[in-house]
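Each remark here refers to the structure printed beneath this line.
Sequence lines set the chain letters: A, B, ... in the order given, protein chains first and strands last, and positions in each chain run from 1.
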Protein chains: 2
Amino acid sequence: MRPTVHDIAASAGVSLATVDRVLNRRPGVRAATRAKVEAAIDRLGYVRDVAAANLAKGRVYPLVFILPDSNNSFMHGLHAEVREAIARAAAERTDIRVIEIPAFDPAALVVALDAARAERPAGVALVAIDADEVRDAVARLAEKGVPVVTLVSDLPGSRRDHYAGVDNIAAGRTAASLLGRFLGGRAGPVAVLAGSMLVRDHRERLEGFAAVLQAEFPDITILPVLEGRDEPQRAETLVAATLAAHADLLGLYSLGAGNRGLIAALKAQGGERSLTVIAHELTVHTRAALQDGIIDAVLNQDAGHEVRSAIRILKAKADGLAVVEAQERIRIDIFLRDNLP
Amino acid sequence: MRPTVHDIAASAGVSLATVDRVLNRRPGVRAATRAKVEAAIDRLGYVRDVAAANLAKGRVYPLVFILPDSNNSFMHGLHAEVREAIARAAAERTDIRVIEIPAFDPAALVVALDAARAERPAGVALVAIDADEVRDAVARLAEKGVPVVTLVSDLPGSRRDHYAGVDNIAAGRTAASLLGRFLGGRAGPVAVLAGSMLVRDHRERLEGFAAVLQAEFPDITILPVLEGRDEPQRAETLVAATLAAHADLLGLYSLGAGNRGLIAALKAQGGERSLTVIAHELTVHTRAALQDGIIDAVLNQDAGHEVRSAIRILKAKADGLAVVEAQERIRIDIFLRDNLP
DNA sequence: CTGTTAGCGCGTTCAA
DNA sequence: TTGAACGCGCTAACAG
């Protein structure tokens, strides 16, 4: 049987309360007593039973998730995953509140961050927007000791504790590799459809994509980036125009959301041209397009994994505990028609 | 605050012990009383606090993992992950014992299964071998009410409760799609290196691979399968011979383990020929080969995920609890040089 | 068949 | 500065 606080107390010759004070770094213990207790702790190899501790404390973790109200399938999925987590709240001792804000709006995000801080939650998760005012708001949370996790889109250089999302440069590189190899040496232009160059994940994907094309497939050129703001309608218009303007287009990389519009534009041009298309995020729309052969590969981030990981990490940080690192790595899933889940 | 056993007891007008008996389906409660309690339970929306229950029970989960003693990196990794899990045993209330057996030996597996059963564990995980005597041994465990999870290689038609591994047919199909597209329409033979046609996962990968090649890339032919028994030395010999015999070889699909040997053979033939190579399992060897351009893509199953998932499921089954399905799906990870973790 | 009572391992008053 | 005693939600003797 593993040692308990009783064993420590007995071994150190003090009472339970004193052991507890040492364990929780509370004041009111003489240095000498503290040393005795600490000696006993690592002599016996004591590890605290978190479940019992939480039971005694009646601990719940009030968590705030700040999500954009974007109207695309990926964000809908992310919201759904958070709702799933809320359904598990009792079992996981969490109390999750969601704040919805307009997409791509740093000021709104700052307001939400400050509102969250006022609630003194055990942790905050947010889909970051790359702006200094956002960094400052995150710093204010950090100042209060509130753990912060960025979700899907990161905020480097900020005081966030963790990023639950994919390596977007690697994602862009992967897209370029697949596109280049699928194209098998052909020369010509490819188009890139992004949401907004304001969000870091989109910028990074483009960066990785361009770097690999330039280095390994120099015969493929990239047309000026189309910014669809992750809105299907806008994406459709932009893609349709590009298809009309470039008869020699070889392929397309859709690195943001709003693929419904992209797919509509691709379908509208009929089956005359065979474009190689790589897109991000597996949704009902991209899944169908993959099966129909309209899209050749989909790079995906598992929103469920991201949400569960963010929660695990916020809880662990709140308690100052370690996490299983490998479990928290968010993969870049690559889906072809053949390995759809 | 969510309701507790006390609330149920008060609301139903009975004692704690009676509530507990009803909750745990223990005998010695009149039907009428039971009904009263059950009514109170769903009137108040009671959900049991598993952590508190485990604390009171002093519950630990004795688990048995039966693993082959194969000398290849993937199995080494699997063993390492189980050791990691053993290191977390205290926190997770598990008590994991590993039984090592010779690889590809159904009789040894049956002996291990029966030995495990004698220990009356809370659950058993095994890397299955596709044989009826193994099915029978699994059935004997099921008979005793011991949950069984197959790991890496499944045993369909048996009484196992769950399979923690990838969809191997899909993996084979994916390999064929990548190989076919990377080859870009060229015609010629490709080789397949397997471990053994005795294990189901290898047979299924081959099946999926062959199906897609035949349907979508009919100009690519498959040479007779090489069985390397997942041993590097043997694999090297077989691959070297094939390379020597087929000057027109286009590519190779290594669907088992022992890739060290494959890579050695590929390196030995020098840079004269450019073969397209798809392999399974990301190890130090395949990772290096991917970076060197010797291997073009690696399909991987995350051994850590498989082990953690098996443990979660065994615990949940032992308690009759639900699991987060999406969390337990083992993905087919596709790694190119660009998205290595 | 049902109820009382004493823990599980830990945190937290309240006294001393 | 330290300790005794009670309670978190649940289970398990042991009575009745």
Side-chain angles (χ1 to χ4, degrees), chain A residues 1-38 40-41 44-61 89-93 95 122 318-321, chain B residues 1-41 44-61 89-95 122 318-321:
Chain A
M1 212 51 204
R2 52 194 262 216
T4 74
V5 276
H6 291 92
D7 303 321
I8 306 295
S11 174
V14 299
S15 77
L16 288 179
T18 302
V19 173
D20 186 67
R21 287 187 190 102
V22 174
L23 281 175
N24 295 295
R25 318 181 182 296
R26 264 184 306 238
V29 185
R30 238 185 338 195
T33 317
R34 177 177 301 275
K36 270 198 306 186
V37 174
E38 275 163 354
I41 286 177
L44 302 192
Y46 169 83
V47 279
R48 174 215 245 94
D49 182 329
V50 189
N54 282 343
L55 173 60
K57 274 191 293 205
R59 181 89 153 105
V60 292
Y61 301 81
E92 298 181 352
R93 303 190 98 88
D95 176 16
D319 293 340
L321 295 176
Chain B
M1 213 51 203
R2 51 194 262 216
T4 74
V5 277
H6 290 93
D7 302 322
I8 306 295
S11 174
V14 298
S15 77
L16 285 182
T18 302
V19 173
D20 186 64
R21 287 187 189 101
V22 174
L23 281 174
N24 294 295
R25 319 182 182 296
R26 266 186 302 238
V29 185
R30 238 187 339 192
T33 317
R34 178 178 300 275
K36 270 198 308 187
V37 174
E38 274 162 355
I41 286 177
L44 302 191
Y46 169 83
V47 279
R48 171 217 250 94
D49 183 328
V50 189
N54 281 343
L55 173 60
K57 275 191 291 205
R59 180 86 153 109
V60 291
Y61 301 81
E92 298 180 351
R93 306 189 94 87
T94 55
D95 176 17
D319 293 340
L321 295 176

- Message: So does Thr4(B) get a backbone contact from the side chain of Asp7(B), meaning a donor-acceptor N/O pair under 3.5 Å?
- Response: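 Yes.
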- Task: Please check if the side chain of Arg59(B) supplies one atom and the backbone of Ala53(B) the other of a donor-acceptor pair under 3.5 Å.
- Result: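 A pair under 3.5 Å: no.
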Among [options], which nucleotide has an atom closest to any side-chain atom of [X]?
| X | options | value |
| --- | --- | --- |
| Val5(B) | dG3(D), dG9(D), dG11(C) | dG9(D) |
| Leu16(B) | dT11(D), dC10(C), dG3(C) | dT11(D) |
| Asp20(B) | dT11(D), dC10(D), dG3(D) | dT11(D) |
| Lys57(A) | dT11(D), dT2(C), dG11(C) | dG11(C) |
| Ala56(A) | dC10(D), dC10(C), dT2(C) | dC10(C) |
| Arg21(A) | dC10(C), dG3(D), dT11(D) | dG3(D) |
| Thr18(B) | dC10(C), dA4(D), dG3(C) | dG3(C) |

Tell me what [X] touches on the nucleic acid: a base, only sugar-phosphate, or nothing, going by heavy atoms under 4.0 Å.
| X | value |
| --- | --- |
| Gly28(B) | base |
| Val14(B) | sugar-phosphate |
| Asn24(B) | sugar-phosphate |
| Ala17(B) | base |

Atom-pair distance ([atom1] on [X]; [atom2] on [N]), nearest Å:
| X | N | atom1 | atom2 | result |
| --- | --- | --- | --- | --- |
| Asp319(B) | dC10(D) | CG | C1' | 14 Å |
| Arg2(B) | dC8(D) | CZ | C1' | 12 Å |
| Leu55(A) | dG11(C) | CG | C1' | 10 Å |
| Asp49(A) | dG7(C) | CG | C1' | 15 Å |
| Arg59(B) | dG9(D) | CZ | C1' | 18 Å |
| Arg26(B) | dG3(C) | CZ | P | 15 Å |
| Asp7(A) | dG9(C) | CG | C1' | 10 Å |
| His6(A) | dA5(D) | NE2 | C1' | 11 Å |

For [N] and [X] - does any side-chain N or O of the residue sit under 4.0 Å from the phosphate oxygens OP1/OP2?
| X | N | value |
| --- | --- | --- |
| Thr33(A) | dT1(D) | no |
| Arg48(B) | dT11(D) | yes |
| Arg30(A) | dT2(D) | yes |
| Thr4(B) | dG9(D) | no |

- Position toward the 5' end of DNA chain C (nearest nucleotide), Gly13(B) or Val50(A):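 Counting from the 5' end, the first nearest nucleotide belongs to Gly13(B).
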Would you call [X] and [Y] a side-chain contact if the rule is heavy atoms closer than 4.5 Å?
| X | Y | answer |
| --- | --- | --- |
| Arg48(B) | Leu321(B) | no |
| Asp20(B) | Val5(B) | no |
| Arg93(B) | Asp49(A) | yes |
| Val37(B) | Arg21(B) | no |

